[in-house]
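Remarks on the structure that follows.
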Protein chains: 2
Amino acid sequence: MKVLHSGANSSAGQNRENIRQHNLSIIMSLLYKGGTLARSQLTSVTGLNRSTISDLVVELEELGMITQAEAVTSGGVGRPSLTVSPSANIVAFAVNPEIDATTVAVVSLSGEIIAKRRYPTQIQPAPKEAAKIAGELIKGLIKELPPKTRVAGIGVAVPGQIRIDDGVVRLAPHLNWVEAPIAAMIQQQTGLPTWVDNDATVSCMAERNFGSGRGASHCVYLFAGSGGIGGGVVVSGVQLRGASGYGSELGHIKISDSKKVDFSGLTGTLEALVKRDDLLEAFKLFGATDDELDVEVSNTKDPKAIKLINTQLDHLGRGIGVLATIFNPQIVVLEGFLDSIFKFNKERLLESVRASSLNSAHDGLVVSSGELGTRAVLIGAAGLAFAPLIQDPSGTEIYKLTKVSS
Amino acid sequence: MKVLHSGANSSAGQNRENIRQHNLSIIMSLLYKGGTLARSQLTSVTGLNRSTISDLVVELEELGMITQAEAVTSGGVGRPSLTVSPSANIVAFAVNPEIDATTVAVVSLSGEIIAKRRYPTQIQPAPKEAAKIAGELIKGLIKELPPKTRVAGIGVAVPGQIRIDDGVVRLAPHLNWVEAPIAAMIQQQTGLPTWVDNDATVSCMAERNFGSGRGASHCVYLFAGSGGIGGGVVVSGVQLRGASGYGSELGHIKISDSKKVDFSGLTGTLEALVKRDDLLEAFKLFGATDDELDVEVSNTKDPKAIKLINTQLDHLGRGIGVLATIFNPQIVVLEGFLDSIFKFNKERLLESVRASSLNSAHDGLVVSSGELGTRAVLIGAAGLAFAPLIQDPSGTEIYKLTKVSS
DNA sequence: GCTTATTGTTGTCACAGGCAACAAATACCC
DNA sequence: GGGTATTTGTTGCCTGTGACAACAATAAGC
């Protein structure tokens with residue numbers, strides 16, 4: 001529950017401690033995103049001296065955050081470089097409360113989902129219930145983890161507007177949550193430090209770090225499930241959050257004069273015009289999962305459905321066009337049923353994007369499906385818990401399992 | 001013509017030289033934005049030690065970038081702190097080619113316009129003409145400057161899409177420029193290093209550093225003149241440029257199904273719906289300046305004109321609503337005739353903003369007039385030339401006048 | 001005039017990264 | 001298979017930079 005988006009006080013001076021922390025942090029960040037890297041890669045990427053990298057890596061190894069391994073003799077002249085990997089013993093828990101279920105996952109420091117539990121609920125859980133479910137699932141998972149495992153903390157992805165400073169859900173319409181201090185609740189259940197953020201925002205981070213948007217400095221992410229359209233944006237490598245943390249609500253941008261209304265009461269927004277429920281109705285597929293809907297969309301021959309999809313594609317393209325004009329990103333990543341309709345007729349979407357953005361904005365723009373699918377939100381949520389660790393490897397506590405269960 | 005937006009390579013390691021440069025840079029940046037500051041303020045803001053600040057300030061003084069002065073005994077216990085000011089001898093030239101004139105100004109390191117020359121042209125100048133006009137004006141201004149003056153370089157603000165890496169104007173529709181290497185042209189005329197950027201972008205920087213947006217980490221700037229609507233955005237304290245530098249074209253975001261077309265051929269965009277020419281026509285004020293139009297707007301009793309203004313306010317509010325939903329900024333700054341109609345009926349605009357954005361986005365949002373007016377673009381353009389100086393005070397050359405005239 | 005508070009100055013220190021020299025481990029060439 | 005070139009890890013030493021402590025300087029309050 002510390003301040004996560006530490007504001008990057010640009011007027012702060014730097015001293016020697018900062019250097020060390022910064023350099024340790026950069027190595028951890030590279031390993032987090034890149035998995036296993038050779039020491040020589042670290043030297044070339046960071047521009048630091050061999051001896052310095054050696055020193056830093058040794059310190060990280062002593063902290064238990066990384067492991068070194070013999071070089072794999074994979075071509076190249078000269079002595080093989082040692083490989084460095086993020087420790088397999090460090091994990092974080094990801095929590096994702098949704099309308100019909102609460103999901104918890106164990107995610108490793110290298111961004112892999114080790115285990116996953118889904119707890120279905122009849123109706124949307126109240127914050128306390130969700131916290132209790134999450135707590136129980138986490139306690140169950142802890143028992144199954146190897147004893148050497150250490151935990152960075154818990155990251156919670158919530159479909160709503162979050163005050164990330166103290167982990168309070170200000171408003172989550174689909175869950176019917178208002179001013180819910182979910183971080184504190186889960187922290188009380190588990191004894192583990194807990195961070196919360198918007199589900200689309202963390203998914204965007206995941207796709208940027210591990211998925212389609214890998215390496216992009218400017219990336220727009222659009223994600224749609226039963227709860228409308230969420231969005232995330234990376235600008236100059238930094239997640240856009242806004243002054244109060246309520247930014248990048250890309251589903252609620254107004255793109256039309258239409259009187260159709262979205263979940264927040266706004267008319268003519270992207271979310272109002274590109275609605276999953278409309279598609280479900282066209283297919284008479286009430287209560288279907290994203291996968292079922294995806295199959296239906298890709299196979300349909302129904303002219304009415306096709307017309308609806310095309311209309312949605314036109315609207316989606318307009319929304320993407322607006323975002324491209326504003327952000328000029330390298331890539332736009334689509335997830336959920338937005339991806340389904342994109343795959344149905346890519347050219348139509350791209351044509352709409354071109355018609356509603358400047359040439360300079362859509363020239364070279366890549367529109368792409370998300371690689372991570374439903375894993376994105378969990379990997380991204382876990383990233384919230386890893387963030388402090390990566391930012392200050394030597395000054396952040398990692399919890400042992402014994403300590404947790406007490 | 002170096003790379004300006006140096007991409008802030010986030011994976012770069014830090015060494016001792018970087019520290020020094022960073023700390024020198026931070027002090028220069030604080031002084032650039034803040035004018036005169038006490039040494040004690042520098043220590044508290046940067047968090048650095050007194051002795052370190054002393055050392056850094058001495059170095060900057062030896063570089064001729066700042067001057068120290070005796071403390072003004074203005075209350076407070078204890079020994080008065082020395083005050084530090086950016087050197088009054090360092091200036092940059094700002095160039096702003098427009099449809100009907102090319103303007104050149106001399107701007108001091110503290111952001112003040114020392115001198116200004118406007119050279120009217122019958123039609124929009126070709127790039128070469130504009131470069132020649134700028135060169136002549138600059139040479140004239142150099143003769144009038146005190147001999148001790150030193151020049152950081154030239155910053156050019158152009159209404160169009162700029163490739164800032166090499167200072168080429170990719171497209172400036174209103175000037176009818178295509179692929180114009182304006183930086184190289186002006187550099188050849190003057191012998192001074194020259195940087196180019198979009199006019200709205202640099203104006204945004206100016207308002208953020210010296211005007212209404214002072215201190216805001218997230219700021220949206222909308223600026224409108226005869227050449228349509230331009231925009232600039234600051235996200236987490238960093239200017240939004242996009243992956244290729246063509247971002248923040250806020251005038252061209254599509255907000256309506258209207259078939260009205262803007263200068264780029266896009267329909268239903270902010271620029272298509274909020275048009276200065278429409279206002280001029282309503283007032284029969286063809287060829288009026290912004291000031292004349294402003295007076296007319298504020299005094300009008302013509303119901304037709306009022307209706308038009310209100311319609312424009314509604315559209316502008318919708319555009320601001322979209323931007324607020326996306327960026328969640330602290331402040332939106334309006335300039336040019338956008339400011340004129342805003343002042344005509346502030347409440348109507350704000351109502352429209354509220355109707356087209358989430359509560360969380362417009363709660364606490366400030367919509368404000370620009371403080372700098374027509375000075376913004378010049379101060380901002382000069383900032384382009386100061387940027388390298390501020391980023392690396394000890395490694396950036398400043399040119400003497402004698403060297404320039406040769 | 002004394003105390004308290006704040007700031008500038010000076011000399012010393014510690015720490016982190018650079019660097020050079022050497023060792024180790026590979027590929028390539030003959 | 002041996003020699004060479006190339007790359008990387010390791011070690012010891014060096015240097016630059018900021019922190020720190022002690023002292024001096026300057027102000028306000030009593």
Side-chain angles (χ1 to χ4, degrees), chain A residues 11-28 36-63 66-85 392-395, chain B residues 11-28 36-63 66-85 392-395:
Chain A
S11 58
Q14 288 196 324
N15 50 26
R16 284 192 329 277
E17 288 170 39
N18 290 350
I19 289 196
R20 190 69 172 184
Q21 178 187 330
H22 180 248
N23 286 342
L24 289 172
S25 168
I26 277 178
I27 293 180
M28 282 312 299
T36 298
L37 292 174
R39 271 209 209 172
S40 56
Q41 290 178 286
L42 292 176
T43 59
S44 62
V45 173
T46 61
L48 296 171
N49 194 282
R50 280 208 302 275
S51 56
T52 307
I53 291 291
S54 175
D55 200 32
L56 292 166
V57 166
V58 166
E59 179 166 349
L60 289 172
E61 198 173 25
E62 283 169 359
L63 287 166
I66 59 149
T67 53
Q68 289 194 82
E70 282 298 305
V72 271
T73 106
S74 59
V77 192
R79 176 174 177 174
S81 190
L82 297 179
T83 60
V84 189
S85 310
D392 186 8
S394 67
Chain B
S11 58
Q14 288 197 323
N15 50 26
R16 286 192 327 276
E17 288 169 39
N18 290 349
I19 289 196
R20 190 67 170 187
Q21 179 186 330
H22 180 248
N23 286 341
L24 289 172
S25 169
I26 277 178
I27 292 180
M28 282 313 299
T36 299
L37 294 173
R39 271 210 211 171
S40 56
Q41 289 178 286
L42 293 176
T43 59
S44 62
V45 173
T46 60
L48 297 170
N49 195 281
R50 279 208 302 274
S51 57
T52 307
I53 290 291
S54 175
D55 199 31
L56 293 165
V57 165
V58 166
E59 179 167 350
L60 288 172
E61 198 173 24
E62 284 169 358
L63 288 166
I66 59 148
T67 52
Q68 290 193 83
E70 282 299 305
V72 272
T73 108
S74 60
V77 191
R79 177 173 174 175
S81 189
L82 297 179
T83 60
V84 189
S85 311
D392 185 9
S394 66

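The chains referred to below are lettered A, B, ... by the order of the sequence lines, with proteins before strands, and numbering in each begins at 1.
- Side-chain proximity of B:Ser40 to C:dT7, C:dG17, D:dT8: nearest is C:dT7.
- Atoms CZ (B:Arg39) and C1' (D:dT26) sit 14 Å apart, rounded to a whole Å.
- Of the candidate nucleotides D:dA24, C:dA5, D:dC20, D:dC20 has the atom nearest to the side chain of B:Asn49.
- Annotation: of the two residues near DNA chain D, A:Val58 and A:Gly78, the 5′-most nearest-nucleotide partner is A:Gly78.
- Set against C:dG17, D:dA25, C:dC19, the side chain of B:Arg79 has D:dA25 as its closest nucleotide.
- Distance A:Arg50 CZ to D:dT6 P: 15 Å, rounded to the nearest Å.
- Between A:Thr52 and the phosphate of C:dG18, there is a side-chain N or O to OP1/OP2 separation shorter than 4.0 Å.
- If you check C:dC19, D:dT10, C:dT7 against the side chain of A:Ser54, the one that comes closest is D:dT10.
- Atom CZ in B:Arg39 sits 10.0 Å away from atom CG in B:Leu56 (nearest 0.5 Å).
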side-chain contact (heavy atoms from CB on, under 4.5 Å), that's the test. Do A:Leu82 and A:Val57 meet it? Break it down for me. CA-CA 11 Å; A:Leu82 297 179; A:Val57 166; over 6 Å; no

Take A:Leu42 and A:Ile27 through the test side-chain contact (heavy atoms from CB on, under 4.5 Å) and record every step on the way to the result. CA-CA 7 Å; A:Leu42 292 176; A:Ile27 293 180; 4.1 Å; yes

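- Distance from the side chain of B:Leu48 is smallest for D:dA19 among the nucleotides D:dA19, C:dA5, D:dG9.
- Within 4.0 Å of B:Thr43, counting heavy atoms only, lies no atom of the nucleic acid at all.
- Distance, B:Asn18 CG to D:dG16 P: 16 Å, rounded to whole Å.
- Looking at the side chain of B:Val77, the nearest of the listed nucleotides C:dA23, D:dA28, C:dT7 is D:dA28.
- Side-chain nitrogen and oxygen atoms of B:Ser81 include at least one within less than 4.0 Å of the OP1 or OP2 phosphate oxygen of C:dG8.
- A:Thr52 contributes atom OG1, which lies 8.0 Å from atom CZ of A:Arg20 (distance to the nearest 0.5 angstrom).
- With rounding to the nearest 0.5 angstrom, the NE2 atom of A:His22 is 10.5 Å from the OG1 atom of A:Thr46.
- Straight-line distance from the CD1 atom of B:Ile53 to the P atom of C:dT7: 12 Å, rounded to whole Å.
- One can place CD of B:Gln68 at 13 Å from C1' of C:dT7, the figure rounded to the nearest angstrom.
- Considering only side-chain atoms of B:Asn23, the nucleotide from C:dG18, C:dG8, D:dG18 that sits closest is D:dG18.
- Out of D:dT6, D:dT8, D:dA27, the shortest distance to the side chain of B:Pro80 is found at D:dA27.
- One can place CZ of B:Arg20 at 11 Å from P of D:dG16, the figure rounded to the nearest angstrom.
- Atom CG in B:Leu60 sits about 13 Å away from atom P in D:dT17, given to the nearest Å.
- In this structure, the CG atom of A:Leu82 is 11 Å from the P atom of C:dT26, given to the nearest Å.
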